[in-house]
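Following: one structure in structure tokens, then a few remarks.
Along the sequence shown, residues carry numbers from 1.
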Amino acid sequence: MKKYKESSLISFGFEKNNDEFIFKKSIESLDLILIARLDREENISVTVLDSLTNEEFRLHLSPKAKGEYIQSLRNEIYKLEDSIKNSCAISDLFLLQWQKIIEYINQKYGAPIECMWKERFNSDEGIFRREDNKKWFAALLICNRKTLTGKGVGKMEVLNVKVDPEKIDSIVDKVHFFPSYHMNKKNWLSIVLNEGCPLETIFAFIDESYRLNGLANIKKVGL
């Protein structure tokens with residue numbers, strides 16, 4: 001499933017309405033209006049209104065419906081859907097970050113992801129522990145966008161890592177880095193995945209979190 005960036009949706013012309021985004025496009029040659037909706041689960045649907053009666057037009061949904069008018073309408077819907085995906089969807093390159101993080105941690109530290117909530121919630125979320133002291137040093141989580149950022153709809157993937165408490169205020173930018181979701185905000189940070197933060201930066205935070213969770217550092221700074 002595609003994921004969409006809110007700022008790109010707004011730039012495209014979508015308007016936010018409660019938990020969904022709505023875009024309207026008039027097709028004057030057909031006397032129709034296309035209404036695209038992105039719901040809270042980030043699914044896109046397109047409905048059609050007759051611009052003269054303001055009633056929903058559904059004839060194009062029937063496989064038996066043919067003719068130039070119907071085909072023109074279907075083409076307009078396809079073009080709109082493609083345009084939204086090309087303009088607003090997050091690149092698949094960034095959607096790989098979740099798996100890349102799992103691979104990096106496993107290869108460098110020999111720490112597999114522990115999907116602690118799989119049985120209860122059927123969730124792929126999980127945590128990573130140091131082998132020597134069993135302390136968590138990273139967690140891959142899925143949260144509601146509004147819960148973390150205070151605005152927006154849909155879900156977002158985050159990586160929680162431990163940071164030096166004296167540095168956390170200078171790191172938080174409310175774009176890629178937020179006070180931690182579901183963990184101690186004094187020394188944990190949530191990094192938003194799939195929305196532009198480079199993997200190299202994420203890996204550096206993972207390494208620092210692993211170091212801070214070492215026995216010597218826990219005793220030294222009381223983390």
Side-chain angles (χ1 to χ4, degrees), residues 1-102 117-118 121-125 140-159 174-176 192-199:
M1 183 180 70
K2 291 285 187 182
K3 291 180 178 291
Y4 296 85
K5 194 170 184 179
E6 182 172 343
S7 59
S8 298
L9 291 167
I10 298 300
S11 297
F12 189 87
F14 277 86
E15 295 183 357
K16 187 177 178 182
N17 182 23
N18 295 323
D19 288 337
E20 64 180 4
F21 287 87
I22 297 176
F23 174 81
K24 296 182 181 180
K25 180 180 180 180
S26 177
I27 311 298
E28 295 182 0
S29 61
L30 303 177
D31 289 324
L32 297 172
I33 299 171
L34 305 185
I35 302 178
R37 287 183 170 84
L38 181 72
D39 64 22
R40 64 188 305 169
E41 301 301 326
E42 302 196 72
N43 298 307
I44 285 184
S45 61
V46 178
T47 55
V48 182
L49 292 184
D50 186 315
S51 59
L52 301 178
T53 65
N54 208 35
E55 295 180 350
E56 185 175 358
F57 184 89
R58 299 179 58 85
L59 184 58
H60 63 292
L61 299 176
S62 171
K64 296 181 180 180
K66 301 184 183 300
E68 184 178 344
Y69 183 87
I70 294 299
Q71 191 56 49
S72 295
L73 171 57
R74 288 171 177 158
N75 290 340
E76 290 291 344
I77 293 173
Y78 298 150
K79 285 194 296 184
L80 177 59
E81 291 175 336
D82 286 343
S83 182
I84 293 171
K85 291 174 183 176
N86 292 334
S87 300
C88 307
I90 297 168
S91 169
D92 289 340
L93 175 65
F94 291 114
L95 296 179
L96 296 173
Q97 287 187 336
W98 183 285
Q99 186 59 37
K100 291 292 186 182
I101 288 167
I102 294 174
W117 305 281
K118 186 76 172 180
F121 300 111
N122 193 29
S123 171
D124 291 326
E125 299 168 284
L140 282 169
L141 303 172
I142 300 171
C143 64
N144 289 320
R145 183 175 296 274
K146 190 171 184 179
T147 300
L148 184 69
T149 69
K151 59 183 179 180
V153 298
K155 305 286 187 181
M156 62 195 314
E157 297 172 352
V158 300
L159 173 71
K174 300 296 182 70
V175 178
H176 300 118
V192 178
L193 305 182
N194 314 326
E195 296 190 15
C197 188
L199 272 172

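- Ile84 has its side chain out of reach of Leu38: every pair of non-hydrogen atoms, C-beta onward, lies at least 4.5 Å apart.
- The aromatic rings of Phe14 and Phe12 sit tilted, their planes meeting at an angle between 30° and 60°.
- Between the Asn43 side chain and the Asp39 main chain, no donor and acceptor come within less than 3.5 Å of each other.
- Gln71 is linked by a side chain to side chain contact (heavy atoms under 4.5 Å, CB included) to Arg74, Asn75, counting only residues two or more places apart in sequence or in another chain.
- Of the possible polar contacts, one joining the Glu42 side chain to the Tyr4 backbone as a donor-acceptor pair under 3.5 Å is found.
- Taking the side chain as every heavy atom from C-beta outward, Ile10 and Phe21 approach each other to under 4.5 Å.
- The salt bridge (charged side-chain N to carboxylate O under 4.0 Å, His left out) search around Lys79 returns Glu76, not counting sequence neighbours.
- For the salt bridge (Lys or Arg N to Asp or Glu O under 4.0 Å) condition, the pairs that include at least one residue of residues 43-58, sequence neighbours left out, are Glu56-Arg58.
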Which donor-acceptor pairs under 3.5 Å do the side chains of residues 22-36 make with protein atoms, sequence neighbours left out?
none

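- Sequence neighbours left out, the pairs with a member in residues 140-153 that pass side chain to side chain donor-acceptor pair (under 3.5 Å) are Asn144-Lys155, Arg145-Glu195.
- In this structure, Glu6 has no salt bridge (charged side-chain N to carboxylate O under 4.0 Å, His left out) partners at least two apart in sequence or on a different chain.
- Listed here is the closest heavy atom pair of Ser87 and Ser8: O-CB, 3.8 Å.
- Panel note: side chain Gln97, backbone Cys197; a donor-acceptor pair is recorded below 3.5 Å.
- With rounding to the nearest 0.5 Å, the separation of CD in Glu125 from CG in Leu141 is 5.0 Å.
- Partners of Leu148 according to the side chain to side chain contact (heavy atoms under 4.5 Å, CB included) rule, which considers only residues two or more places apart in sequence or in another chain, are Cys143, Met156, Val158, Phe178, Tyr181, Ser190, Val192.
- Leu73 places none of its side-chain heavy atoms less than 4.5 Å from the side chain of Leu59.
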Passes side-chain contact (heavy atoms from CB on, under 4.5 Å), Ile77 versus Val48? Steps please. CA-CA 9 Å; Ile77 293 173; Val48 182; 4.0 Å; yes

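- For Ser11, the side chain to side chain contact (heavy atoms under 4.5 Å, CB included) criterion is met by no residue, not counting sequence neighbours.
- Take Lys100 and apply the side chain to side chain contact (heavy atoms under 4.5 Å, CB included) test, not counting sequence neighbours, and it matches Leu96, Glu103, Leu199.
- Annotation: side chain to side chain donor-acceptor pair (under 3.5 Å) contacts of Thr47 (sequence neighbours excluded): Arg37.
- Within the structure, no pair that satisfies the ring pair (Phe, Tyr, Trp, His ring centres under 6.0 Å) test touches residues 61-83, not counting sequence neighbours.
- With sequence neighbours left out, the salt bridge (charged side-chain N to carboxylate O under 4.0 Å, His left out) criterion links Asp19 to Arg40.
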